[in-house]
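Atoms within each ligand, like the ligands themselves, are counted from 1 in listed order.
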Amino acid sequence: MSKYDVAVIGSGPGGYVAAIRCAQLGMKTAIIEKYNILGGTCLNVGCIPSKALLDSSHHYEDAIKHFEDHGIEIPGEVKINFKKMIERKAAVVDQTTKGIDFLMNKNKIDVFTGVGSFKDATHIVITSEKGEETIEATNTIIATGSKPASLPFIKIDKERVITSTEALSLTEIPKHMIVIGGGVIGLELGQVYRRLGAEVSVVEYMDRIIPTMDAAQSKELTKAMKKQGVKFFVSHRVSAVTREGDQVTVTATNKKDEEVSFTGDYCLVSVGRRAYTDGLKAENAGVKITERGMIDVNDHLQSNVKNIYAIGDVIKGAMLAHKAEEEGTFVAETIAGQKPHINYNLIPGVVYTWPEVASVGRTEEQLKEAGVEYKSGQFPMRALGRSRASGDTDGFVKILADKTTDEVLGVHMVGARVADLIAEAVTAMEFRASAEDIARMSHAHPTYAEAVKEAALAATDDRPLHI
Ligand code: FAD
Ligand code: NAD
């Protein structure tokens with residue numbers, strides 16, 4: 001029987017990063033993945049394919065709507081080859097997952113294909129078509145991720161009533177896609193299909209989309225996406241989803257308690273994801289699972305069984321690839337006897353719509369609720385030369401700083417390339433910068449980043465230069 005210092009179950013961004021870090025630290029490492037392609041949700045049916053389709057559909061939208069503004073005329077009709085768009089997405093995924101094979105090889109990590117399940121706290125059985133194999137591991141890291149959640153009355157048939165997984169591999173462009181849930185997935189994939197010509201109706205339970213982000217971001221994104229033709233139905237409680245032939249009907253109750261229905265050819269269910277532990281047989285190792293189906297961990301991301309750790313979507317916290325990656329590194333270093341640290345307040349959140357939405361730290365609503373006295377500085381993207389040059393004038397940067405100390409407490413952005421700009425805010429906050437620190441740093445001109453400096457000037461003592 002093969003013996004390992006560490007076995008990692010699951011090869012998503014949490015699992016593969018944990019495995020690499022363990023190997024870097026000199027531990028004999030195995031990674032177990034039930035699919036024969038590594039990379040987990042993120043690389044196969046999440047971050048990477050969704051961004052590929054967002055980019056492709058963005059190019060199309062630019063060609064039909066914005067090229068003309070730049071004096072570019074296309075003789076004849078611009079056509080979508082949807083099959084090719086999906087094939088390109090698959091090629092991007094393929095290239096990216098092959099990169100993980102390379103990294104496993106480079107770091108001498110043994111890859112096992114099959115479902116990993118606990119025999120006991122130190123033995124893992126790997127079950128595949130080829131049969132069963134058991135390995136011994138001194139430490140195990142559970143990184144089994146998550147699966148799409150649904151509502152009890154919805155039958156996901158994977159044809160017309162679909163999750164993000166199917167929405168990333170459709171064979172036709174929907175005529176009318178009804179999206180249940182105005183969160184990250186619903187908005188990113190809703191925007192893809194709206195750009196490609198579908199009618200898109202987003203039905204959201206809360207009174208605003210992206211309800212966990214700063215309210216100003218919800219408002220700005222709603223405005224921008226409405227301009228693009230997406231229809232929003234907030235404060236709507238979905239009560240039924242039925243399918244008849246190729247038609248799907250979603251029934252919901254609105255704020256006035258009236259029943260409304262939406263009929264389309266596809267319904268995307270994007271109401272969150274659930275931790276995934278099916279087939280893991282955690283009970284054989286005595287590992288405790290919470291009521292919500294997550295692995296219960298302490299501050300060291302250690303389960304109640306001391307040699308078994310868990311990371312990523314299968315534990316509490318934001319379901320984000322970079323959060324899973326940080327936790328992978330954290331656990332590897334913990335096992336190696338180091339004292340790593342993760343600042344969960346500084347895990348940024350990004351929605352890759354256009355305009356993009358990005359946040360770090362606390363929202364204005366959270367500061368109000370906590371009774372923290374704060375100052376707010378905001379700068380609109382339309383006031384930037386860079387934005388006017390590119391034509392991307394939607395959005396703003398908002399900086400929230402402590403009223404007394406001027407320490408930056410939260411940064412919330414909407415606009416072009418803010419997914420990349422948020423890194424400046426994370427860096428500043430990691431070093432506990434004040435708004436004035438940011439305001440006094442030189443930002444290249446003309447860039448979108450100038451909006452960060454201007455918002456910091458506005459937060460410091462209300463002295464932006466360009467509005
Ligand atoms: P996962 O990536 O889910 O990987 C878990 C792996 O474990 C899977 O490969 C699974 O097959 C395997 N596994 C499970 N059980 C077993 C078992 N018993 N034996 C062996 N293998 C097993 N996050 C971002 O930060 N940015 C984004 O842009 C982004 N976009 C997304 C878009 C979509 C459409 C979706 C669905 C998600 C997106 N996410 C994004 C979220 C991101 O994908 C997850 O947060 C991330 O993948 C979690 O990583 P993980 O390693 O915890 O788990
Ligand atoms: P989400 O939590 O972002 O959004 C779900 C939305 O559905 C919420 O707005 C919620 O209020 C709404 N909702 C819940 N129940 C509802 C109901 N009965 N009727 C109508 N609306 C309802 O979840 P998601 O969009 O499914 O994404 C799942 C996870 O994947 C998220 O945790 C997210 O972090 C991750 N993800 C991240 C990215 C990114 O980082 N860019 C992209 C995609 C997915």
Side-chain angles (χ1 to χ4, degrees), residues 8-18 31-35 37-51 53-54 112-118 124-128 142-154 163-165 167-168 179-190 202-213 218 233-239 250 252 268-282 310-315 317-325 327-328 347-353 356-358 419:
V8 181
I9 309 179
S11 72
Y16 84 74
V17 167
I31 191 162
I32 304 156
E33 170 54 56
K34 73 173 178 178
Y35 293 115
I37 302 175
L38 302 180
T41 303
C42 177
L43 274 64
N44 290 285
V45 290
C47 327
I48 300 301
S50 58
K51 267 78 258 180
L53 290 184
L54 276 159
F112 291 88
T113 305
V115 175
S117 58
F118 285 101
I124 298 158
V125 180
I126 300 146
T127 311
S128 69
I142 302 171
T144 49
S146 63
K147 289 276 175 209
S150 184
L151 299 170
F153 50 84
I154 297 180
T163 69
S164 54
T165 304
L168 291 165
V179 176
I180 305 180
V184 216
I185 292 181
L187 298 180
E188 288 184 358
L189 293 178
V202 177
V203 186
E204 166 60 47
Y205 176 76
M206 303 294 279
D207 61 359
R208 60 183 176 97
I209 58 168
I210 42 169
T212 55
M213 297 185 95
S218 299
F233 302 89
V234 295
S235 302
H236 276 61
R237 187 170 48 80
V238 174
S239 51
V250 174
L268 168 64
V269 181
S270 48
V271 293
R273 294 177 63 84
R274 63 169 181 89
Y276 183 75
T277 55
D278 300 8
L280 186 63
K281 298 188 183 162
I311 57 172
D313 282 12
V314 78
I315 64 166
M319 288 187 167
L320 295 173
H322 43 285
K323 178 252 189 192
E325 290 187 31
E327 292 179 336
I347 304 277
V350 174
V351 189
Y352 295 83
T353 45
E356 293 177 334
V357 184

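Ligand 2 has G272 within reach: a non-hydrogen atom of the residue lies less than 4.0 Å from it. Under a 4.0 angstrom heavy-atom cut-off, T165 registers as lying outside contact with ligand 1.
No side-chain donor-acceptor contact under 3.5 Å links T127 to the backbone of G114. With hydrogens and angles ignored, the 3.5 Å screen pairs no side-chain donor or acceptor of S218 with any backbone N or O of P211. With hydrogens and angles disregarded, no donor-acceptor distance shorter than 3.5 Å links the side chain of S128 to the backbone of V115. A donor-acceptor pair under 3.5 Å links the side-chain atoms of S11 to the main chain of G39, judged by distance alone.
Closest to atom 38 (C) of ligand 1, if we only count protein heavy atoms, is C47 N, 3.9 Å. In terms of protein heavy-atom proximity, atom 11 (O) of ligand 2 is nearest to E204 OE2, 2.6 Å. Nearest non-hydrogen protein atom to atom 24 (C) of ligand 1 is A321 N, 3.5 Å.
Among R274, E188, M319, R237, the residue whose heavy atom lies nearest to atom 34 (O) of ligand 2 is M319. Comparing L168, I48, D313 by heavy-atom distance to atom 45 (O) of ligand 1, the nearest is D313. Nearest-residue assignment for atom 33 (C) of ligand 1 (options G46, C42, S270; heavy-atom criterion): G46. Looking at P13, G10, G279 and measuring to atom 49 (O) of ligand 1, the nearest heavy atom belongs to P13.
In summary, the atoms of ligand 2 found under 4.0 Å from a heavy atom of L320, numbered by their order in the structure, are 34 (O), 37 (C), 40 (O). In summary, the atoms of ligand 2 found under 4.0 Å from a heavy atom of V350, numbered by their order in the structure, are 39 (C), 40 (O), 41 (N).
Looking at E327 and K323, a side-chain N of the basic residue comes within less than 4.0 Å of a carboxylate O on the acidic one, giving a salt bridge.
Remark: ligand 2 and Y205 share an N or O pair separated by less than 3.5 Å (distance only, no angle test). At least one N/O-N/O distance between I185 and ligand 2 falls below 3.5 Å. For G116, a nitrogen or oxygen atom sits less than 3.5 Å from a nitrogen or oxygen atom of ligand 1, counting backbone and side chain alike. Checked against a 3.5 angstrom limit, the closest N/O atoms of S164 and ligand 1 fall outside it. Residue-to-ligand polar distances keep P211 apart from ligand 2: every N/O pair is separated by 3.5 Å or more.
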